[in-house]
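Data first, discussion second: the structure below is written as structure tokens.
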Amino acid sequence: MILNLDTHFNPFPGKREIQFQSFTFSGGEPHIKINPDFDVSETVTITHRINSFNDFGLLLLAIDALKRMEVKLINVFIPYFPAARQDRVMISGEPLSVKVYADILNSLKLNKVTVFDAHSEVTPALLDNCEVISNHTFIAEVLKKIGKEVKLISPDGGALKKIYKVSEYLGGVEVVECSKSRDVKTGKLSGFKVYNDDLEGIDCLIVDDICDGGGTFVGLAEELKKKNAGKLYLAVSHGIFNKGFDVFQKDFEKIFTTNSFREFDNEMVEVVKLKL
Ligand SMILES: O=P(O)(O)OC[C@H]1O[C@@H](O)[C@H](O)[C@@H]1O
């Protein structure tokens, strides 16, 4: 049984859905009422796209309601895990945000928590009974859509381990390693480096987990262009795109993402819908 808290997001098409009503009280608090017309002895999988604290709150309320209805086995599918990037304390005074979310979920004794393309190994290490869905089939689908040979571009050291696994899954597509620096205090990016001088006319697919403002990818695109690379494509599992898409217009042919975070309606972007 599936409880899709975000009614625009259904990664389990065809599975029976539990009906519910959710709304926000006038004071701003989320609320939910789950219809009791289902067999509580079955496992229930809650799916939710979390991009605000209220979204997380609604998830917690739904878990509590199901427990009170005596559902014993509850799975949760949160494709984009909140604060996954706040996985270490960089400077004193910051919280270890991802652990705050993980601790709350762990306290609820869930049967399974599934996340899609975890930012780092920290999220699955912190969560009890965690399953991570890799980006392999997403990237394979992207390559099919591009329909020609590309090199895979790893934007930084953090993405390397994952991109080599993708390359292996795809039968050994060549990987180009790159690096960048980010100022801990200001978040400003600089010093983009591409460790391959043989990119003349070569089409490139940059692969990463998250695109937020896009600075990483625009900076990298400029370096790739200096090496006369061919067409540039970007594939990110979780699209936030907080600065919109105009920033990519000059350098990129197309951007691929999934619907793990939200929906998109822009001709530069092609969305591969998540299906489990
Ligand atoms: O440059 P923007 O898009 O803001 O940020 C995205 C980058 O920041 C990292 O955490 C992500 O893994 C990605 O490399």
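Counting from 1, the numbers follow the sequence of the chain as shown. Whatever order the structure lists them in is the order used to number ligands and atoms, beginning at 1.
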* To do: Apply ring pair (Phe, Tyr, Trp, His ring centres under 6.0 Å) to the pair F56 and H48, showing each step before the final yes or no.
  => CA-CA 8 Å; F56 190 65; H48 202 21; 9.4 Å; no
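With ligand atoms numbered from 1 in the order given, ligand 1 contributes 3 (O) to contacts under 4.0 Å with heavy atoms of C211. Every atom of ligand 1 is numbered from 1 in the order shown, and the set under 4.0 Å from a heavy atom of G213 is 2 (P), 3 (O), 4 (O).
Checking V218, D87, L234, D209 against atom 12 (O) of ligand 1, the nearest heavy atom belongs to D209.
Remark: ligand 1 and D208 share an N or O pair separated by less than 3.5 Å (distance only, no angle test).
By the 30° and 60° cut-offs, the orientation of the rings of F12 relative to F77 is perpendicular. Ring geometry for F81 against Y101 counts as perpendicular: the plane angle is over 60°, on a 0 to 90° scale with 30° as the lower cut. Between F248 and F245, the ring planes are tilted. Angles from 30° to 60° get that label.
Contacts between T216 and ligand 1 below 4.0 angstrom, taking non-hydrogen atoms only, involve backbone and side chain alike. Residue contacts with ligand 1 for K243 are absent, since no atom lies close enough (heavy atoms, distance under 4.0 Å). Looking at K180 against ligand 1, only its side chain comes within 4.0 Å, counting heavy atoms. Residue contacts with ligand 1, taken as heavy atom pairs separated by less than 4.0 Å, do not involve I240 at all.
When the shell of 6.0 Å around NZ of K67 is examined, it contains more than 12 heavy atoms from other residues, nucleotides or ligands.
Not a single heavy atom of P155 sits less than 4.0 Å from an atom of ligand 1. Within the structure, the closest approach of H238 to ligand 1 does not fall below 4.0 Å when heavy atoms are considered.
D156 has its side chain out of reach of L220: every pair of non-hydrogen atoms, C-beta onward, lies at least 4.5 Å apart.
In terms of protein heavy-atom proximity, atom 9 (C) of ligand 1 is nearest to H119 CE1, 4.0 Å.
Here the options are K254, K148, K231, the test is salt bridge (Lys or Arg N to Asp or Glu O under 4.0 Å), and the partner is D203; only K148 passes.
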